[in-house]
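Keep in mind the model is a prediction, meaning the values are calculated, not measured. So you know, we letter chains A, B, ... as the sequences are listed, proteins then strands, and number each from 1.
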Number of protein chains: 4
Amino acid sequence: MAESAAETGAAGGQPGGGAGACPAVPDRLLAAATRLFADRGFERTSVQDLVDAAGVTKGAMYHYFASKEDVLFAVFRRVIATQMRNLDACATAEGPVRERLRAAAVDVVESTVQNLDDMVIYFRSLHVLSLDRQDQVRAERRQYQDRFRALIEEGQSQRVFRTDVPADMVASQYFGAVNHLGMWYRPDGELGGAEIGGYYADLLLTGLRPA
Amino acid sequence: MAESAAETGAAGGQPGGGAGACPAVPDRLLAAATRLFADRGFERTSVQDLVDAAGVTKGAMYHYFASKEDVLFAVFRRVIATQMRNLDACATAEGPVRERLRAAAVDVVESTVQNLDDMVIYFRSLHVLSLDRQDQVRAERRQYQDRFRALIEEGQSQRVFRTDVPADMVASQYFGAVNHLGMWYRPDGELGGAEIGGYYADLLLTGLRPA
Amino acid sequence: MAESAAETGAAGGQPGGGAGACPAVPDRLLAAATRLFADRGFERTSVQDLVDAAGVTKGAMYHYFASKEDVLFAVFRRVIATQMRNLDACATAEGPVRERLRAAAVDVVESTVQNLDDMVIYFRSLHVLSLDRQDQVRAERRQYQDRFRALIEEGQSQRVFRTDVPADMVASQYFGAVNHLGMWYRPDGELGGAEIGGYYADLLLTGLRPA
Amino acid sequence: MAESAAETGAAGGQPGGGAGACPAVPDRLLAAATRLFADRGFERTSVQDLVDAAGVTKGAMYHYFASKEDVLFAVFRRVIATQMRNLDACATAEGPVRERLRAAAVDVVESTVQNLDDMVIYFRSLHVLSLDRQDQVRAERRQYQDRFRALIEEGQSQRVFRTDVPADMVASQYFGAVNHLGMWYRPDGELGGAEIGGYYADLLLTGLRPA
DNA sequence: AATGAATGAGCCTTCATTCAT
DNA sequence: CATGAATGAAGGCTCATTCAT
């Protein structure tokens with residue numbers, strides 16, 4: 001029963017009936033949770049902080065989520081869904097593999113800096129989830145990375161990319177760098193996501209040049 | 001008063017005067033803290049867990065450390081000192097800049113996987129420290145990264161490395177990837193630190209090749 | 001307003017007008033409450049547990065009962081009504097007082113083990129009711145015990161039973177033992193209600209033999 | 001760690017050192033718990049009620065007891081220890097079995113009414129304990145009842161008591177009645193424990209007379 | 001230098017009940 | 001009649017820290 005509404009996501013109707021004047025309770029909780037968990041971390045955010053920020057009551061929260069950890073898990077699910085949607089767009093593009101990889105490499109940086117809170121939570125609070133859920137999240141994340149790796153392998157089989165470094169290594173290195181943006185990137189810094197993405201992609205593609 | 005002994009580091013004498021049979025209290029606490037904070041995270045480790053694992057009492061801990069956060073800070077300081085020591089060795093080596101950068105790039109991966117707990121703590125629990133201390137730690141970490149970047153700049157000024165990508169970007173990308181090893185590297189996996197370091201360094205150096 | 005339907009007891013018509021296919025809401029609640037309160041106790045049974053077990057909704061429950069305590073009180077009333085009906089049958093029987101007392105003594109054991117849940121609730125959750133209702137329940141229970149005591153007094157006045165022990169003491173002792181069956185009797189045990197009733201009645205009647 | 005002091009029982013020293021001016025924390029908690037659990041029941045007594053009544057803080061309570069249930073269990077253990085001590089005295093007495101059984105029967109009533117709170121808790125809150133602990137308590141209680149039953153069997157083998165009713169039944173009936181004193185006995189009532197014990201013992205012994 | 005009993009604020013969660021629909 | 005989302009007041013429990021010894 002709890003979390004049922006969260007399962008349906010933002011599609012749930014607005015109880016109270018108005019013309020959608022105020023977002024549904026689960027959505028407001030997810031938004032507040034994303035902000036607070038990224039700011040202070042999961043454990044330093046109390047349920048009271050959370051519901052206050054979301055403008056709901058504790059009871060309402062527990063009507064939709066079975067526990068505080070469940071809220072975190074819902075954030076994770078939303079992040080993954082977003083990532084998948086982003087990458088799907090790239091993967092189905094046309095053109096030579098170099099172009100497609102470059103586009104994906106830039107895009108992954110841009111979407112990361114656009115959802116920096118998500119990333120911060122992702123890499124700081126994954127360990128809070130139960131092992132089951134950790135596995136689940138990791139598996140989905142791996143899929144994401146695998147699509148990237150597939151592009152590299154495609155280029156390798158065409159001899160466009162070097163083959164003396166496993167595609168796995170390339171992908172893990174690139175994603176490591178991207179994931180770590182959350183540790184230092186600031187929206188008000190000198191460089192924007194597009195520029196950083198451009199530099200990162202340059203290094204990646206040059207690094208892949210065959211000997 | 002508290003923490004004074006910790007400041008002196010492991011050099012402190014053995015209280016109780018024995019023949020050094022058992023390590024000093026602060027050392028045992030630091031070792032236990034490193035293990036537990038990496039395993040469960042800072043907030044999910046209680047002071048009781050900590051002192052139990054270290055085989056000391058709560059009172060003893062508070063004699064040496066002002067707070068639980070202070071223990072974490074001491075772990076951070078030890079990590080940084082270790083990193084600095086490692087890099088010093090590389091930086092003072094002889095030979096062409098390509099060789100020195102490669103050696104440093106491999107070494108940074110190897111020492112990271114050898115001290116994986118440290119890295120996990122580093123990137124998961126930095127936000128627990130007070131802002132002052134966060135800045136302090138970040139500054140020291142920046143120094144570490146800056147020495148790496150200096151190597152790159154050295155190569156750039158010699159036109160051995162490409163100059164169309166800022167050295168900063170190269171260093172941040174590489175360190176991002178290295179720092180992220182803590183999220184997926186497992187000591188019992190297929191590849192060891194030396195191999196991963198080799199691949200990563202290859203990609204780095206190829207990526208730096210001038211156009 | 002609430003509870004009005006409960007007042008009318010099981011005699012209420014089936015709302016929704018079906019052909020009596022499913023029992024009325026109050027009846028299903030009472031049955032579920034009897035089971036759950038006996039199993040886990042009143043306080044460890046949530047209203048949600050209760051309505052789930054009864055297959056009704058919370059709103060429906062609060063339509064018929066003013067509060068959770070009211071459901072408990074309704075269980076008590078049903079128990080008492082049942083007991084009264086049982087004893088009435090015995091009391092109006094014919095025959096010598098020894099036979100009538102024996103029959104009542106056996107019957108009280110048998111009906112107790114047949115409604116063990118009722119007894120468990122009775123002696124474990126009486127204190128949950130308001131003092132008013134406790135008194136009310138105790139008074140009715142006392143009537144029940146008084147009819148038993150009246151049989152004993154009848155025998156005493158006929159000198160069939162000893163007179164050196166007050167009938168009150170005899171009744172309280174016997175009912176204490178009977179009430180306590182709920183603490184240890186198990187339907188799948190060696191002895192059935194009839195056998196235990198037989199032994200208990202034997203001891204009772206022998207104990208009442210005049211010196 | 002928690003409960004360790006409770007294990008040692010009242011023998012624990014008085015921290016704070018005075019001349020025993022104020023009882024130790026566990027003792028005060030046990031005394032308050034016995035009173036409150038008997039008055040209102042376990043679940044209607046909050047931990048705050050408990051510590052307030054005992055004049056200690058919540059933290060202190062959780063230093064000695066792992067949970068509220070643990071306090072209840074400690075009460076149970078104390079009750080059982082008391083009962084055992086009482087019965088030991090009787091069992092080792094001299095004289096004909098009739099006399100020894102009568103003495104035990106009276107004593108069991110007297111000690112019950114003297115520790116009425118204990119009994120009320122015993123038969124109202126046993127179900128709160130974990131199944132393990134319920135079994136443990138029941139087993140010890142059974143021992144208590146078994147010693148009583150052994151007296152009856154002794155008389156049966158000497159043909160002093162009837163043999164057509166199992167000693168088990170006799171003991172369960174008697175103890176049921178005794179245990180139920182908690183439901184109706186009031187210290188300010190007409191009859192004292194000695195008188196009730198006398199009547200109950202009379203009925204018991206007469207009931208055991210051979211046919 | 002070391003102990004561990006005691007503190008007390010704050011945590012996550014439960015739940016009987018209400019009310020707009 | 002019936003629904004179930006929302007309320008809000010406790011509830012039991014944890015834990016970093018202190019302090020008399």
Side-chain angles (χ1 to χ4, degrees), chain A residues 1-2 4-5 12-17 24-26 43-51 56-71, chain B residues 2 5 14-17 24-25 43-51 56-71, chain C residues 2 5 15-17 25 43-51 56-71, chain D residues 1-2 4-5 12-17 24-26 43-51 56-71:
Chain A
M1 165 174 315
S4 58
Q14 262 78 5
V25 168
E43 355 246 354
R44 300 181 107 73
T45 304
S46 74
V47 169
Q48 194 61 59
D49 292 339
L50 184 54
V51 297
V56 305
T57 63
K58 250 190 268 205
M61 184 194 112
Y62 279 97
H63 185 72
Y64 289 103
F65 298 94
S67 66
K68 187 181 158 192
E69 198 219 281
D70 259 37
V71 177
Chain B
Q14 260 77 7
V25 167
E43 355 249 352
R44 300 179 110 73
T45 304
S46 73
V47 170
Q48 192 63 57
D49 291 339
L50 187 52
V51 297
V56 305
T57 63
K58 252 192 272 206
M61 186 196 107
Y62 277 98
H63 183 75
Y64 290 105
F65 298 94
S67 67
K68 188 182 158 193
E69 197 218 281
D70 260 37
V71 178
Chain C
V25 167
E43 356 248 352
R44 299 179 111 72
T45 304
S46 73
V47 170
Q48 192 64 55
D49 291 339
L50 186 52
V51 297
V56 304
T57 63
K58 252 192 269 206
M61 186 196 108
Y62 278 98
H63 183 76
Y64 289 104
F65 298 94
S67 67
K68 189 181 156 192
E69 199 219 281
D70 258 37
V71 177
Chain D
M1 167 173 316
S4 58
Q14 262 80 5
V25 167
E43 354 246 354
R44 298 181 108 72
T45 305
S46 74
V47 170
Q48 194 62 56
D49 292 340
L50 184 52
V51 297
V56 304
T57 63
K58 245 190 269 204
M61 183 195 114
Y62 279 98
H63 186 73
Y64 290 103
F65 298 93
S67 66
K68 188 182 158 193
E69 197 217 281
D70 259 37
V71 177

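Both distances falling under 3.5 Å, in either a Watson-Crick or a G-U wobble arrangement, place E:dC11 opposite F:dG12. Remark: E:dA20 base-pairs with F:dT3; criterion is Watson-Crick or G-U wobble with both hydrogen-bond distances under 3.5 Å.
Residue B:Tyr64 has a polar side-chain atom (N or O) positioned under 4.0 Å from OP1 or OP2 of E:dA2.
Comparing D:Asp49 and A:Gly59 along DNA chain F, the residue whose closest nucleotide (by nearest heavy atom) sits nearer the 5' end is A:Gly59. Each of D:Thr57 and C:Ser46 has a nearest nucleotide on DNA chain E; the 5'-most of these lies closest to D:Thr57. Along DNA chain E, the nucleotide nearest to D:Val56 and the one nearest to B:Ala60 differ in position, and the one closer to the 5' end is contacted by B:Ala60.
Distance, A:Glu43 CD to E:dG10 C1': 15 Å, rounded to whole Å. One atom, NZ of A:Lys68, and another, C1' of F:dT14, lie 13 Å apart when rounded to the nearest Å. Counting to the nearest Å, the P atom of F:dC15 and the CE atom of B:Met61 are 14 Å from each other. For the pair C:Tyr62 OH and E:dT21 P, the computed distance is 22 Å after rounding to whole Å. B:Phe65 places its CZ atom 18 Å from the C1' atom of F:dT18, with the value rounded to the nearest Å. Atom-to-atom, CD of D:Gln48 to P of F:dG12 comes out at 9 Å; the value is rounded to the nearest Å. For the pair A:His63 NE2 and F:dT7 P, the computed distance is 11 Å after rounding to whole Å. Separating the CZ atom of B:Arg44 from the P atom of E:dC11 is a distance of 15 Å, rounded to the nearest angstrom.
Counting all heavy atoms, side chain and backbone alike, D:Val51 lies closest to D:Thr57 at CG1-O, 3.9 Å. When all heavy atoms of A:Val71 and A:Phe65 are compared, the pair lying nearest together is CG2-CG, 3.6 Å. For the residue pair C:Val47 and C:Tyr62, the shortest heavy atom distance occurs at CG2-OH, 4.0 Å.
In this structure a side-chain-to-backbone donor-acceptor pair under 3.5 Å is present from D:Asp49 to D:Ser46. Side-chain atoms of D:Lys68 never come within 3.5 Å of backbone atoms of D:Leu50 as a donor-acceptor pair (strictly under, hydrogens ignored).
On a pure distance criterion of 3.5 Å, no polar donor-acceptor pair joins the side chain of A:Lys58 and the base of F:dT7.
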